[in-house]
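Along the sequence shown, the residues carry numbers beginning at 1. Whatever order the structure lists them in is the order used to number ligands and atoms, beginning at 1.
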Amino acid sequence: MLLRSALALPAALASVLAVPADAPAQGARPVAVVDGNAIPTPLTDSPGDAGRGRAIAVDRARGNCLACHALPVPEPLQGNVGPDLRGVAARLSEGELRLRVVDPKIVNAETAMPAYFRVDGLFRVRQDMVGRPILTAQEIEDVVAYLRTLQ
Ligand code: HEC
């Protein structure tokens, strides 16, 4: 009985939104999407850190947000494929920001923006990235904390 309920749990989480297999190991909670527009509940128990989130956002090997967005940072070569993120926290709530980083395709299936915390429904995934999200649950929270500073 105990074993059965332990096995049933990941399937129940997956029906909320498919999350990386190691998400529980990262201390991640189920990802609950509300009204197809927001994820109000943080993915982790430990709060995001805006300083770490800023570093992830500008790091070309991690968030690489600057490839498509402008941010209030001195780095050169900022992108304009996506909207300028200066002031984005005045436009979107915390939950709306979190959903757009986790999986913007929930809002716009055609978007050029990658889903940073989703592993199902992807194609042409680099072999070493199969089953792994681009960012961890904690990194998502760090990026959301940073975006919330962009008033
Ligand atoms: C390959 C290009 C690309 C990358 C990389 C990218 N985005 Fe986006 N992003 C977009 C586009 C395009 C949109 C506009 C939404 C749409 O397409 O429907 C968008 C929209 C957004 C929005 C909603 C903005 C608004 O005003 O509605 C947020 C927030 C956002 N991105 C954050 C990020 C963050 C944070 C990163 C890095 C972790 C990132 N994006 C990386 C292309 C990108």
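- Annotation: protein N, O or S atoms under 2.8 Å of atom 8 (Fe) of ligand 1 (waters excluded) comprise H69 NE2, M113 SD.
- Atoms of ligand 1 found under 4.0 Å from any heavy atom of G63, numbered from 1 in the order shown, are 37 (C), 38 (C).
- V31 is listed as a side-chain neighbour of L43, based on a closest heavy-atom distance under 4.5 Å.
- In terms of protein heavy-atom proximity, atom 29 (C) of ligand 1 is nearest to L97 CD2, 3.8 Å.
- In summary, the atoms of ligand 1 found under 4.0 Å from a heavy atom of N108, numbered by their order in the structure, are 16 (C), 17 (O), 18 (O).
- The contact set between ligand 1 and N64, taken as ligand atoms under 4.0 Å from a residue heavy atom, comprises 5 (C).
- No side-chain heavy atom of R86 sits under 4.5 Å from any side-chain heavy atom of L150.
- A side-chain donor from one of S46 and Q138 sits under 3.5 Å from a side-chain acceptor of the other.
- Taking atom 26 (O) of ligand 1 as the reference point, the nearest protein heavy-atom neighbour is R91 NH2, 2.8 Å.
- For residues 60-69, the salt bridge (charged side-chain N to carboxylate O under 4.0 Å, His left out) pairs, not counting sequence neighbours, are D59-R62, R62-E139.
- Transitive grouping of hydrophobic side chains (ILVMFWY, heavy atoms separated by less than 4.5 Å) brings V88 and V107 into a common cluster.
- Remark: side-chain polar atoms of H69 are paired, donor with acceptor, to backbone N or O of P83 under 3.5 angstrom.
- When each atom of ligand 1 is checked for a heavy atom of V81 under 4.0 Å away, the hits are 12 (C).
- Of all the atoms in ligand 1, the ones that sit under 4.0 Å from a non-hydrogen atom of A112 are 1 (C).
- Under the 4.5 Å side-chain criterion, counting only non-hydrogen atoms from C-beta, I134 is not in contact with N64.
- Residue A57 does not touch ligand 1, judged by heavy-atom distances below 4.0 Å.
- Contact atoms of ligand 1 toward L92: 23 (C), 25 (C), 27 (O) (distance under 4.0 Å to a heavy atom of the residue).
- Counting heavy atoms from C-beta outward, R118 and P133 have side chains that stay 4.5 Å or more apart.
- With respect to I39, the side chain to side chain contact (heavy atoms under 4.5 Å, CB included) criterion is satisfied by exactly one of L99, I140, V101: L99.
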CA sep, side-chain torsions, deciding dist, call: E96, R100, salt bridge (Lys or Arg N to Asp or Glu O under 4.0 Å): CA-CA 6 Å; E96 289 168 342; R100 278 151 185 81; 5.5 Å; no
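- Taking every non-hydrogen atom of V143 and a distance limit under 4.0 Å, the qualifying atoms of ligand 1 come out as 35 (C).
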Show the atom names and distances, to 0.1 Å, of all donor-acceptor pairs under 3.5 Å that link a side chain in residues 110-117 to residues at least two apart or in another chain.
| unit_1 | atom_1 | unit_2 | atom_2 | d |
| --- | --- | --- | --- | --- |
| T111 | OG1 | M113 | N | 3.2 |
| Y116 | OH | G63 | O | 2.6 |

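- Residues satisfying the side chain to side chain contact (heavy atoms under 4.5 Å, CB included) criterion with T149, sequence neighbours excluded, are A50, Y146.
- In E110, neither the side chain nor the backbone holds a heavy atom less than 4.0 Å from any atom of ligand 1.
- The protein heavy atom nearest to atom 41 (C) of ligand 1 is Y116 OH, 3.3 Å.
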